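This report refers to the structure that appears directly beneath it.
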Amino acid sequence: MSQKFWLMKSEPNVYSIDHLEQEKVCFWEGIRNYQARNLIRDELQEGDLAFFYHSNAKPPGIAGLMKIVKNSYPDHTSWDPSSTYYDPKSSEDNPRWFMVDVSFIEKFPLYVPLQELRDHPGLEDMKVLQKGSRLSIQPVTLKHFSIICELAKSSFSL
DNA sequence: GCCAACGTTGGC
DNA sequence: GCCAACGTTGGC
């Protein structure tokens with residue numbers, strides 16, 4: 001089993017890297033897209049690393065780093081009628097949506113805005129830069145991971 | 001707030 | 001299974 005790298009989007013006005021820094025650990029709730037669900041359910045593994053991406057932010061960009069600390073399990077918010085993530089087609093018996101637990105590693109010393117990713121040689125083929133890319137969980141290559149940690153002046157080392 | 005790009009739904 | 005209508009995402 002080898003460690004993989006991911007980029008996970010969240011709108012900071014809903015849940016930001018600062019929230020995660022305070023809480024230390026959280027469950028990544030509210031994934032309601034099948035492609036992202038399949039990645040969460042089947043690919044994200046305990047020990048993997050993930051960038052915390054601020055979407056719908058000014059500017060959007062990568063804010064920090066976290067680690068997957070629990071493999072996927074059913075997203076209980078999907079069968080909670082009081083949750084904004086409620087989905088009547090999901091049930092405890094037949095869960096449709098899944099989530100993982102993540103833990104805070106670092107808020108980057110330097111925020112890496114989307115535009116900087118666009119401008120930086122070597123990152124051109126990142127998924128998040130592709131036109132119309134809406135997937136909220138994206139795989140990241142080791143090469144891209146390393147470049148971005150450097151841009152962010154991260155103290156984290158593999 | 002606009003709107004392009006996707007994803008989902010549902011009639012047929 | 002097609003596809004039009006509708007809904008959502010997310011940068012700008």
Side-chain angles (χ1 to χ4, degrees), chain A residues 4-23 26-44 48-68 72-102 104-141 143-145 147-154:
Chain A
K4 285 171 288 188
F5 310 96
W6 306 96
L7 177 148
M8 299 170 75
K9 298 181 186 176
S10 179
E11 301 190 18
N13 61 335
V14 176
Y15 194 83
S16 74
I17 188 76
D18 296 313
H19 292 120
L20 182 60
E21 181 166 23
Q22 283 182 3
E23 290 193 327
C26 79
F27 48 82
W28 202 262
E29 65 181 357
I31 296 296
R32 296 294 179 269
N33 165 282
Y34 288 105
Q35 237 184 308
R37 189 279 309 268
N38 293 346
L39 289 174
I40 281 259
R41 188 189 56 193
D42 306 331
E43 302 291 333
L44 272 71
D48 288 354
L49 299 168
F51 290 131
F52 196 127
Y53 180 88
H54 282 180
S55 63
N56 256 320
K58 294 176 188 172
I62 294 174
L65 187 62
M66 55 196 173
K67 179 188 275 189
I68 312 302
S72 66
Y73 58 100
D75 181 343
H76 54 80
T77 66
S78 70
W79 57 70
D80 172 5
S82 70
S83 168
T84 50
Y85 301 118
Y86 177 60
D87 178 357
K89 291 172 183 164
S90 181
S91 66
E92 287 193 60
D93 289 341
N94 189 15
R96 174 174 295 209
W97 306 111
F98 291 79
M99 58 188 179
V100 294
D101 288 356
V102 300
F104 178 83
I105 292 179
E106 182 186 29
K107 179 178 179 177
F108 285 145
L110 295 180
Y111 184 73
V112 186
L114 184 61
Q115 190 58 52
E116 188 175 349
L117 298 176
R118 287 195 195 290
D119 293 343
H120 194 85
L123 296 179
E124 298 87 355
D125 47 347
M126 277 192 81
K127 272 216 170 50
V128 74
L129 301 183
Q130 284 159 28
K131 196 174 179 184
S133 159
R134 289 169 24 179
L135 195 58
S136 57
I137 311 279
Q138 305 183 354
V140 170
T141 66
K143 179 184 115 182
H144 294 160
F145 180 83
I147 292 174
I148 290 164
C149 284
E150 211 164 306
L151 290 177
K153 298 270 184 272
S154 171

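As the structure is a prediction and not an experimental result, all values here were calculated from the model. Residue numbers start from 1 in every chain, and the chains themselves are labelled A, B, ... in the order their sequence lines are given, proteins ahead of strands.
- Using a distance-only test at 3.5 Å, with no hydrogens or angles considered, no donor-acceptor pair links the side chain of His19(A) to the main chain of Asn13(A).
- One atom, CZ of Arg32(A), and another, C1' of dT9(B), lie 18 Å apart when rounded to the nearest Å.
- Atom pair His54(A):NE2 and dG10(C):C1' shows a separation of 15 Å (rounding to whole Å applied).
- For the pair Tyr34(A) OH and dT8(B) P, the computed distance is 7 Å after rounding to whole Å.
- Proximity of the aromatic rings of Trp28(A) and Phe52(A) is defined here by a centroid distance below 6.0 angstrom, and this criterion is met.
- If you check every strand for non-hydrogen atoms under 4.0 Å, Lys58(A) touches nothing.
- Here dG10(C) presents its P atom at 13 Å from CE of Met8(A), a figure rounded to the nearest Å.
- For the pair Lys89(A) NZ and dT8(B) P, the computed distance is 11 Å after rounding to whole Å.
- The 5' end of DNA chain B is approached more closely, in terms of each residue's nearest nucleotide, by Asn56(A) than by the other of Asn33(A) and Asn56(A).
- In this structure, the CD1 atom of Ile31(A) is 16 Å from the P atom of dT8(C), given to the nearest Å.
- Using a 4.0 Å heavy-atom cutoff across all strands shown, Glu11(A) reaches no nucleic acid atom at all.
- Comparing Lys131(A) and Arg96(A), the nucleotide of DNA chain B nearest to each residue sits closer to the 5' end for Lys131(A).
- A donor and an acceptor atom sit less than 3.5 Å apart, one in the side chain of Arg134(A) and one in the base of dT8(C).
- Separating the CG atom in Asp75(A) from the CD1 atom in Ile40(A) is a distance of 9.0 Å, to the nearest 0.5 Å.
- For the pair Leu117(A) CG and dC12(C) P, the interatomic distance rounds to 11 Å; values are reported in whole Å.
- Contact of the Gln138(A) side chain with the Ser133(A) side chain is registered, since non-hydrogen atoms from C-beta on lie closer than 4.5 Å.
- Remark: C1' of dA5(B) and CD of Gln35(A) are 13 Å apart, rounded to the nearest angstrom.
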